[in-house]
Asker: 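Structure in structure tokens, see below.
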Amino acid sequence: MRTKRSLTVDCGPSIVQRPMSIRGGPIRGAPRIWRGGARMRRLTTVLAGACAAALFAVMTVVLGSPAVAAGLVEVTGFGNNPGNMRMHVYAPDSHPASPAIVVAMHGCGGSGPGFYQSSEFASLADRYGFIVIYPTATQSAGFGNCFDTWSDAAKQRGGGSDPVSIISMIDYAERNYQGDPNRVYATGSSSGGMMTQHMLAVYPDVFKAGASFMGVPFNCFAGASDYPPGSSRCTGGRMDRTPQQWGDAVRQAYPGYSGPRPRMQLWHGTGDTLVPYSLLRESVEQWTNVFGLSQTPTSTDTPQANWNRSRYANSSGTVQVEAYSIQGAGHVLPQSGMALHAIEFFGLTTSPTDTTPPTTPGTPVASNVTAASATLTWTASMDQGGSGLAGYNVYREQGATDPQIGQSTTASITLTGLSANTQYQVYVRARDGAGNLSGNSAPATFTTAATGGDTAPPTAPAGLTASGTTTTGTSLTWTASTDDTGVTGYDILRAPGATGGTFTQVGTSATTSFTDTGLTANTTYRYQVRARDAAGNVSPVSNTVQITTQGGTTGACSATPTVQSQWGNGYVIQPVTITNTSTSTITSWTVTFTLPAGHTLTGSWNATITTSGQTVTARSVSHNGTLAPGAGTASFGFQASRPNGNTALPSGYTCA
């Protein structure tokens, strides 16, 4: 057990990273440097002296403590480092073969070693067997050693600055500590808490979850000039955007990303005036919107005295966002015990008792080798440590470092995107639920087909239509493609929403029809289809068809829209079919839906329409309000205008 003896003073937006006492509790009376407003202006003349004195005290404690060097290792040359950051790693003596990775970030004016000393993450790593990366920021926007959450470069994936440096650190830990790329988490205090939300927005495919202490929403800071507290709109107590605006900021950080989003835990003290408590609400609005959740919590409780927790779960009960309001606390988080709640949220509190790897998989056998793909099968491994077999990683032998080129939960995989006329030598490793990896299987060698034979792709499928849409599925049909050697099948592609989002393959069909299931009620999706031939050639995609699943049956009806026509700056939705889904007659109905930003309703028929912002409410009229039970239907329609180039369509239809 390590003694917590150091104190880190923050001279920027975190400003004070509160110290921990020897037993982990907060030390009272540490100076608060960033107050903002008039108080900030009065403190300007003493800021340098106060910080210098405090930092001198920090150096006296840290440099005098042998615990700093006990297991904490500085890494240089860890990779691309545009933020000019330092990296320290703490690896406990006992950990699984493939441990989880936690990135723990300090506040302004602090350092990685300082946060290692003043927080409880290292002692929790000893107990639960995960790796901790402690970055040290060196950027300045009015204050030194702050994580860059203000620059344009930092706000986009791969743009540069600190986010790229942190990703390089994670890559290093995965290569050199065998860190599990599927279990990477972020946490931090103040400036580090801001960076936690920032990293989960810009790199949602890297992180599984995050815990932000005293942070701000992603893209809260307009630029470097908005960062110092005396002039910051973000932290000046007057930041108020809509959930949609906050959510759009996250979605625009990685345009086209449609994969799972990392879960978010948020902490703030109600007495925090340095980073105002009101920003907790803004963060909740941002992340619940990203997940498509209501801003009303699904549950609330008090885990400890003065800790009020609100949880926001999806329809399956998984908590995607949770927020802790610490009554009366100022800019002093995390306090004792809070780090444990963070890693419990990450799912890391199961002791790593299983350290036995699975048996080695059998030699993979390649089949169905084309110019761009190949199928591998192998004899399954067996779990030996009790945590269960989780799946397999597939690697390509390629010199000093063998890249992972695939992952499967079964003893087979189809590799795609391969290069034509190229030899591949691959092997497989099994992994269990504790992250242990088996030995390498014997390698398999195969050569992809040359493209000198059949290089002509099939024609694009045509006439893609959707029908029979329910709350959880829809049926697709299309006209067959033609090919000189014969079509072998079709790939079905799906994208979320009415605009944006990347099309990903969700199924295949040997015929000209496909039923997609497992969809979310009251949600918009787009579909395309492409054909394949025996040589692996792929056709252009078909036309795009858009559907919205049924849902919103608050009463006893459902609403299903049909796009009749659309053009550059407008469209007609006709009919919106109202179906009585109950077993008794209904005498009236109300449908609500949301127009995309910038769209305006220009006409309607067969309903009484009212609008509030972008929310439209359509109510039945005298001749179509009464519907027979079970199958009675009515309809209405409307026309809307939109900015040229904005192809979004209304969504969120509900009926009551």
Asker: Output every pair passing salt bridge (Lys or Arg N to Asp or Glu O under 4.0 Å) with a member in residues 322-340, not counting sequence neighbours, ordered by first then second residue.
Answerer: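 Sorted result for residues 322-340: Arg311-Glu322.
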Asker: Heavy atoms, side chains only, cut-off 4.5 Å: are Val202 and Phe218 in contact?
Answerer: yes
Asker: Ignoring hydrogens and angles, tell me if any N or O in the side chain of Thr196 forms a donor-acceptor pair with the backbone of Gly210 under 3.5 Å.
Answerer: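 No, Thr196 side chain to Gly210 backbone: no donor-acceptor pair under 3.5 Å.
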Asker: Look only at the side chain of Gln327 and the backbone of Thr270, and say whether a donor-acceptor pair between them is shorter than 3.5 Å.
Answerer: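 The answer is no, because no donor-acceptor pair under 3.5 Å joins these two groups.
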Asker: Does either side chain, that of Glu344 or that of Thr349, offer a donor lying less than 3.5 Å from an acceptor on the other one?
Answerer: no
Asker: Going from OG on Ser161 to CD1 on Ile166, what distance comes out if it is rounded to the nearest 0.5 angstrom?
Answerer: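 Ser161 atom OG to Ile166 atom CD1 measures 9.0 Å (nearest 0.5 Å).
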Asker: What are the two closest non-hydrogen atoms of His268 and Val275, and how far apart are they?
Answerer: NE2-O, 2.7 Å
Asker: Are side-chain N/O atoms of Asn569 and Ser641 paired as donor and acceptor at under 3.5 Å?
Answerer: no
Asker: Output all residues satisfying side-chain contact (heavy atoms from CB on, under 4.5 Å) with Thr617, sequence neighbours left out; order by chain, then residue number.
Answerer: Thr590, Thr592, Thr610, Arg619
Asker: Check step by step if ring-ring contact (aromatic ring centres under 6.0 Å, His included) holds for Phe593 and Phe638.
Answerer: CA-CA 12 Å; Phe593 57 93; Phe638 63 91; 4.8 Å; yes
Asker: Under 3.5 Å, is there a donor-acceptor pair linking the side chains of Thr524 and Thr548?
Answerer: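 Judged by distance alone, the side chains do pair up.
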Asker: Any side-chain to backbone donor/acceptor pair from Ser612 onto Thr615? Under 3.5 Å, distance only.
Answerer: no
Asker: According to salt bridge (Lys or Arg N to Asp or Glu O under 4.0 Å), who are the partners of Arg183, at least two apart in sequence or on a separate chain?
Answerer: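 Arg183 satisfies salt bridge (Lys or Arg N to Asp or Glu O under 4.0 Å) with Asp180 once adjacent residues are dropped.
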Asker: Can you list everything that forms a salt bridge (Lys or Arg N to Asp or Glu O under 4.0 Å) with Glu74? Sequence neighbours excluded, please.
Answerer: Arg86
Asker: Quick one: which residue pairs count as a salt bridge (Lys or Arg N to Asp or Glu O under 4.0 Å) with a foot in residues 291-307, not counting sequence neighbours?
Answerer: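 Every pair satisfying salt bridge (Lys or Arg N to Asp or Glu O under 4.0 Å) with a residue in residues 291-307: Asp301-Arg309.
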Asker: Enter the distance from Gln286:CD to Arg241:CZ here, rounded to the nearest 0.5 Å.
Answerer: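 Taking CD in Gln286 and CZ in Arg241, the distance rounds to 8.5 Å.
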Asker: Using 0.5 Å steps for rounding, measure from the CD1 atom of Ile547 to the CG atom of Leu519.
Answerer: 5.5 Å
Asker: Which residue pairs satisfy the salt bridge (Lys or Arg N to Asp or Glu O under 4.0 Å) criterion with at least one member in residues 195-221, sequence neighbours excluded?
Answerer: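 Non-adjacent pairs meeting salt bridge (Lys or Arg N to Asp or Glu O under 4.0 Å): Arg157-Asp205.
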Asker: Could you list all the ring pair (Phe, Tyr, Trp, His ring centres under 6.0 Å) pairs where at least one residue sits in residues 277-312, not counting sequence neighbours?
Answerer: Trp267-Trp307, Trp307-His341
Asker: Check Met264 against Ser212 and note the closest heavy-atom contact, atom names and distance.
Answerer: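 Reported closest heavy-atom pair: SD-CB, 4.5 Å.
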Asker: How many angstroms lie between CZ in Phe207 and CD1 in Ile101, if you round to the nearest 0.5 Å?
Answerer: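 These two atoms lie 9.5 Å from each other.
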Asker: Examine distances only and state if a side-chain atom of Gln614 and a backbone atom of Thr594 form a donor-acceptor pair shorter than 3.5 Å.
Answerer: no
Asker: Between the main-chain N or O of Cys146 and the side-chain N or O of Ser191, is there a donor-acceptor pair closer than 3.5 Å?
Answerer: no
Asker: So among His106, Met105, Met85, which one has a side chain to side chain contact (heavy atoms under 4.5 Å, CB included) with Thr136?
Answerer: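 Among His106, Met105, Met85, the one that satisfies the side chain to side chain contact (heavy atoms under 4.5 Å, CB included) with Thr136 is His106.
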Asker: Minimum heavy-atom separation for Val184 and Pro181, please, with both atom names.
Answerer: CG2-O, 3.8 Å
Asker: Under the salt bridge (Lys or Arg N to Asp or Glu O under 4.0 Å) test, which residues partner Asp152, sequence neighbours left out?
Answerer: none
Asker: In Å, rounded to the nearest 0.5 Å, how long is the span from CG of Asn314 to OG of Ser294?
Answerer: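 Between atom CG of Asn314 and atom OG of Ser294 there are 13.0 Å.
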Asker: Please report the shortest heavy-atom distance between Gly215 and Leu279, naming the atom on each side.
Answerer: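 Where Gly215 meets Leu279 most closely, the heavy atoms are O-CB, 4.4 Å.
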Asker: Could you pull out the closest heavy-atom pair between Val164 and Gly159, with the gap in Å?
Answerer: CG2-N, 4.4 Å
Asker: Not counting sequence neighbours, list each pair that qualifies as a salt bridge (Lys or Arg N to Asp or Glu O under 4.0 Å) and has a residue in residues 164-173.
Answerer: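 Passing the test, one end in residues 164-173: no pairs.
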Asker: Asp248 pairs by side-chain hydrogen bond (donor to acceptor under 3.5 Å, both in side chains) with which of Gln252, Gln244, Gln245?
Answerer: Gln244
Asker: With respect to Phe221, which candidate in Tyr227, Trp150, Phe147 satisfies the ring-ring contact (aromatic ring centres under 6.0 Å, His included) definition?
Answerer: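 The passing option is Tyr227.
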Asker: Report the residues that fulfil salt bridge (Lys or Arg N to Asp or Glu O under 4.0 Å) with Arg494, sequence neighbours left out, ordered by chain and then residue number.
Answerer: Asp516
Asker: Nearest 0.5 Å, what's the CE-CH2 distance between Met239 and Trp246?
Answerer: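 Between atom CE of Met239 and atom CH2 of Trp246 there are 5.0 Å.
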Asker: Over 60° means perpendicular and under 30° means parallel, so tell me whether Tyr257 and Tyr254 are parallel, tilted or perpendicular.
Answerer: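 Because their plane-to-plane angle is under 30°, the rings of Tyr257 and Tyr254 count as parallel.
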Asker: For Tyr185 and Phe346, take the angle between the two ring planes, folded into 0 to 90°, and tell me which bin it lands in: parallel under 30, tilted 30 to 60, perpendicular over 60.
Answerer: parallel
Asker: Tell me, which pairs form a disulfide (SG to SG under 2.5 Å) where one or both residues lie in residues 231-296, sequence neighbours left out?
Answerer: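 The answer is Cys220-Cys234.
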Asker: Applying ring pair (Phe, Tyr, Trp, His ring centres under 6.0 Å), which residue pairs with at least one partner in residues 152-172 are found, sequence neighbours left out?
Answerer: none
Asker: Looking only at non-hydrogen atoms, find the nearest pair between Pro643 and His599 and report the distance.
Answerer: CD-CD2, 4.0 Å
